[in-house]
Structures are given as structure tokens and as C-alpha cells.
Protein chains: 2
Amino acid sequence: METPKNPLSIDVRIREGFSRIATAMRIEEWKKAKEVGLNPTQLAVLALLEGRKDGLNVKEIAAHLGVSQPSATDSIAALEKKEHLEKRAEQGDRRAVRVHLTSTGLAAVQRDAGGDLAEQAVGSLEEREQEHLLLSLIKMIRHLQESGAIPLQRMCVTCRYFAPFAHPDGERPHHCHFVDAAFGQRELRVDCRDHDETDPPSRAATWEAFQAGQPNLQAP
Amino acid sequence: METPKNPLSIDVRIREGFSRIATAMRIEEWKKAKEVGLNPTQLAVLALLEGRKDGLNVKEIAAHLGVSQPSATDSIAALEKKEHLEKRAEQGDRRAVRVHLTSTGLAAVQRDAGGDLAEQAVGSLEEREQEHLLLSLIKMIRHLQESGAIPLQRMCVTCRYFAPFAHPDGERPHHCHFVDAAFGQRELRVDCRDHDETDPPSRAATWEAFQAGQPNLQAP
DNA sequence: TTGAATAATGTAGGAGTCCTATGTAATCTG
DNA sequence: CAGATTACATAGGACTCCTACATTATTCAA
């Protein structure tokens with residue numbers, strides 16, 4: 001018993017919503033990338049590499065960007081020409097390379113950071129709403145990565161240092177064993193550079209505990 | 001008093017989350033577009049035009065895609081060559097054209113619909129969570145369009161037919177005067193083809209009423 | 001009403017993305 | 001050790017995307 005026309009399910013409308021926000025983000029990315037003489041893809045590669053001490057393989061870069069390996073090679077070559085990154089030999093495998101930022105490349109990413117429109121739009125939400133949104137995104141990302149659609153992300157919920165709901169404190173229920181401190185749901189990381197992944201079984205267990213500890217959602 | 005490293009604010013982490021989901025969506029879009037012999041941009045143009053009886057200008061297409069006008073011309077030309085769309089003269093302005101789907105183009109979009117990974121990921125959320133998510137997206141999109149970052153979308157909250165919280169019924173509080181029926185928060189449209197926009201003042205009033213009627217959010 | 005702004009597209013030129021298919025080493029496996 | 005597999009590069013081609021600029025058409029004002 002659908003009411004207005006377009007009897008679409010909520011999933012579809014949410015996907016539409018994501019797509020509008022993605023458009024806005026792409027526009028911003030062009031703006032920001034141009035400021036440092038790059039394009040969004042190139043800036044994305046640099047951002048991906050930032051804070052990865054061991055760099056990444058070509059294949060890994062392709063997976064994170066969601067493009068084919070030759071496409072990643074293309075972008076890497078373009079950035080190499082601009083001396084924003086360099087390839088180093090992989091220890092113990094002479095086929096492979098590890099891609100690292102150069103200091104020029106690092107400077108470019110860092111100059112880029114901050115103050116974009118998507119963040120402003122998030123800022124227009126209430127605090128509680130932001131927290132809900134972050135949690136929903138984490139759930140969706142987890143779903144996507146467990147189904148193999150995207151590579152494993154460096155999120156708390158897949159990290160060996162993460163202890164969900166380890167504290168009775170409602171404001172800071174989680175614990176990070178890497179920094180050995182309690183933290184709240186609002187602090188959950190999507191891309192933590194100290195992330196250290198666990199094997200799938202303990203990942204599942206962590207996720208169980210994380211889900212089980214969540215307070216029930218109320219009607220909006 | 002940040003706890004784990006990366007003292008990023010929640011806005012930034014949410015943006016990161018959006019970006020991961022955008023990656024997954026882009027991968028899916030390639031897959032779906034290839035099935036009909038197109039690429040994601042071309043399919044996006046067709047999808048944009050579907051159900052727009054009056055078509056769109058080149059400029060409008062560019063704005064919805066978030067690209068420059070010459071880029072839109074490129075994609076339109078590619079699709080025109082494939083006979084998926086056609087240009088018609090704009091009445092009363094001989095500079096302008098209106099771009100319309102052909103039947104071939106319509107067939108291509110319709111063949112594309114449904115069953116993508118992003119929707120599955122949304123499906124992994126609880127109902128209440130989906131509802132929250134849709135509301136948050138609508139708020140963000142509204143923010144983006146009011147700030148001029150993206151064009152006006154065909155959402156209920158900017159539609160002249162939309163009467164927010166017109167009914168005491170908690171499940172179906174809203175009313176659509178176009179179909180003259182009550183509907184619930186889960187049915188809020190992001191891209192309704194029956195949308196008819198209002199002037200900014202009444203838009204603001206509608207938004208006020210919509211916001212004011214929202215139940216308070218609880219802690220997640 | 002004529003001439004300058006302004007507006008909607010199109011064209012040119014160039015960098016770069018993205019694909020598939022294939023080539024070339026190096027490494028693994030039975 | 002031969003054959004499979006893996007990591008990456010190359011080749012070729014279609015497009016996307018940009019910035020300038022050119023072409024008409026429309027609008028606005030003097």
C-alpha cells in the first residue's frame with residue numbers, strides 16, 4: 001500500500017541519497033585537488049598512502065580505489081612523473097613494488113585537508129544524529145567489506161586493539177588497547193593508521209560484542 | 001582529551017565513511033553500466049532524464065552531474081551517437097536545447113535497475129536505523145542544495161505538495177497533496193518525479209514544520 | 001533600436017581515467 | 001623442474017574532464 005507514486009523501497013531512496021552526496025563530494029574534491037595541481041583520483045591515491053609506513057602495492061591501491069590494476073598503474077605513473085610518490089622494491093618478491101609518498105606528495109595531501117562541504121553538511125546534523133550516522137556507515141562498510149566488495153578498512157571494529165563495551169561508562173564504553181584508553185561511540189575510527197587487523201573469527205566475535213552492546217534505537 | 005590517535009572530529013570520519021561507500025557504489029555502477037554497454041557517467045545521464053517529461057538542458061545536466069558544461073556536452077554527444085537520447089529545440093529560446101531519452105535510452109535505464117550492493121548494505125541495517133539514515137541524508141542534501149553546492153533535488157521537503165506532520169498518526173504523519181494521501185517518514189522521497197518546487201520562503205516554512213515535528217533522537 | 005552585456009551551447013586541445021587483452025618476469029606447487 | 005599463478009607493465013581505445021574560446025541568441029539600457 002504505497003502512497004505517493006514511485007513505489008520504491010527505502011533502500012533505493014537511501015542509495016539515491018548517497019548518490020547526491022557523492023556528487024557534492026566529487027565537486028569538492030575537484031576544487032581541492034586543483035589547488036595542489038592534481039585531480040581527485042590522484043589526490044585520493046596520495047591520501048590513501050598517507051600514514052602507511054609500508055606503503056601499498058599497486059594491486060592494493062587498485063582495490064582501495066575500486067578500479068582495475070592497469071588503471072591504478074596509470075594514476076601511479078602520473079603521480080610518479082610529478083614526483084609525488086615513488087616505488088620501492090618489495091623485500092623478498094622482485095615482481096612486486098611498494099608505493100610510498102615522497103615529501104612532495106605528503107605536502108600535497110596535507111595542504112589539502114579540511115573544511116569541505118560534506119563536513120559542513122554533517123555539521124548541520126544534531127550530535128545524536130551524527131552518532132547514529134557514523135554507526136550506520138560503519139555497519140554498512142562492514143557489510144561491504146565482509147561481502148568482499150571493498151577491501152578491509154582500518155576501522156576499530158576490525159582491529160585487534162578494539163574492545164567494544166569494555167567499560168560500564170555510557171559515554172566512553174569502548175577501549176583501545178593500542179593507546180590503552182577508553183573512548184566513546186563518537187570516536188569510532190573509519191580509517192585509523194594504528195589499525196592492526198585480526199583473523200575473521202575474532203573479527204566476527206568483536207562485531208557480535210559490538211552489536212550486542214548497542215542500545216536500542218528509538219523511532220526518529 | 002582525544003583518546004586513540006588521529007584526533008579527527010566526527011565530521012571527518014563521517015566523510016571518510018561516505019567515501020568508502022561511494023567507492024563501492026562506483027564499482028557497482030561500472031558493473032551495471034557495462035551490462036547495457038555504457039559507462040557509469042552515461043548511465044547516470046540516462047537515469048537523470050528518466051521520468052522528466054520536459055527533458056533537461058545541457059546546463060542542468062552538468063549541474064546534476066557535478067561537472068562542467070563542456071563535460072556534459074561530451075557525455076551527451078556520446079549518448080546521442082548511441083541513440084540513447086536526442087536533443088529537441090527549446091520553445092522560445094533558439095540557443096537552448098532540451099535533452100530527452102529515446103525509447104532505446106529508456107530501455108537501457110530500466111534494464112539497469114535494482115539489486116545493487118549499496119542497497120544490500122542498507123538492508124543490513126535495522127528498520128529504525130534505515131529511517132534515521134534516510135532522514136540524515138535528507139537533511140544533508142537539503143543543506144547542500146541550500147548552500148548552492150548541488151541543484152535543487154526533487155525531494156518531498158522542497159515540494160509544494162508536501163504537508164509535513166499533517167496527521168496525528170505516528171506512522172503516517174505526512175501528507176502528499178499530489179496523490180492526496182498520508183505517508184510515513186520511511187516513504188519520504190529523494191527524487192520524486194511528481195515533484196513541483198516552491199519558492200524559497202515557503203520552502204523554508206515547510207522545512208521548519210518538518211524539523212519541528214521530528215521526535216527527539218535518543219542515544220544510540 | 002542598436003549595441004553592449006549575458007546566456008546557452010559548441011569546439012579545440014590536452015591530460016588523464018578507465019576498460020580489456022596481453023606480455024613479462026618472478027614465485028609457487030606438485 | 002614444468003606448469004600454474006601472481007605482480008605488474010604495456011597497448012590500444014573510448015571517454016571524461018578540464019580550461020579557453022567561438023557562436024548564436026536574448027536581454028537590457030541608453
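Predicted, not measured: the structure shown is a model, and the values here were computed from it. Each chain gets a letter, A, B and so on, in the order its sequence line appears, and its residues count up from 1.
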When you check the phosphate oxygens OP1 and OP2 of [N], does a side-chain N or O of [X] lie under 4.0 Å from one of them?
X	N	answer
A:K34	D:dC17	no
A:N39	D:dC18	no
B:K87	C:dG10	yes
B:K81	D:dC15	yes

Interatomic distance, [X] [atom1] vs [N] [atom2] [rounded to whole Å]:
X	N	atom1	atom2	answer
B:L85	C:dT9	CG	P	14 Å
A:L46	C:dG16	CG	P	13 Å
B:Q91	C:dA8	CD	P	17 Å
A:E80	D:dC8	CD	P	13 Å
A:W30	D:dT19	CH2	C1'	11 Å
B:K31	C:dC18	NZ	C1'	16 Å
B:R26	D:dT16	CZ	P	15 Å
A:I76	D:dA7	CD1	P	14 Å

Do [X] and [Y] touch side chain to side chain, with heavy atoms closer than 4.5 Å?
X	Y	value
A:R142	A:Q145	yes
A:R128	A:E131	yes
B:L46	B:L101	yes

Both B:E90 and A:A78 contact DNA chain C. Taking the nearest nucleotide for each, which residue is further toward the 5' end?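 Comparing both residues, the 5'-ward one is B:E90.
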Report each atom pair, protein N/O against N/O of nucleotides 25-28 of chain C, whose distance is under 3.5 angstrom.
from: C:dT27; atom 1: OP1; to: A:R94; atom 2: N; distance (Å): 3.0
from: C:dT27; atom 1: OP2; to: A:R94; atom 2: NH2; distance (Å): 3.4

Would you call A:E35 and A:R111 a salt bridge, using N to O less than 4.0 angstrom?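 Here A:E35 does not pair with A:R111 in a salt bridge, since their nearest N and O are not under 4.0 Å apart.
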Can B:E16 and A:R189 be counted as an ion pair, charged N to O under 4.0 angstrom?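 Looking at A:R189 together with B:E16, the answer is no, because their closest N to O distance does not fall below 4.0 Å.
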Going by ring-ring contact (aromatic ring centres under 6.0 Å, His included), name the residues that satisfy it together with A:H174, two or more places apart in sequence or in a different chain.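 So A:H174 forms a ring-ring contact (aromatic ring centres under 6.0 Å, His included) with A:F162, A:F165, A:F183, A:F210.
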Here's a test for you: under side-chain contact (heavy atoms from CB on, under 4.5 Å), which of A:H195, A:H175, A:H177 qualifies with A:Y161?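 It is A:H177, the one option of A:H195, A:H175, A:H177 that forms the side-chain contact (heavy atoms from CB on, under 4.5 Å) with A:Y161.
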Describe the nucleic acid contact of A:Q42 in one word from base, sugar-phosphate, nothing, applying a heavy-atom distance below 4.0 Å.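 Answer is sugar-phosphate: A:Q42 comes under 4.0 Å of backbone atoms only.
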Can a side-chain donor-acceptor contact be found between B:S124 and B:Q120 if the only test is distance below 3.5 angstrom?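 Distance-only check fails for B:Q120 and B:S124.
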Strand contacts (DNA chain D) in residues 56-74 of chain B, 4.0 angstrom heavy-atom criterion: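 Of all residues in residues 56-74 of chain B, the ones placing a heavy atom under 4.0 Å from DNA chain D are B:V67, B:S68, B:P70, B:S71, B:D74.
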Nearest 0.5 Å, what's the CG-CD distance between B:D74 and B:Q69?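 The CD atom of B:Q69 is 9.5 Å from CG of B:D74, to the nearest 0.5 Å.
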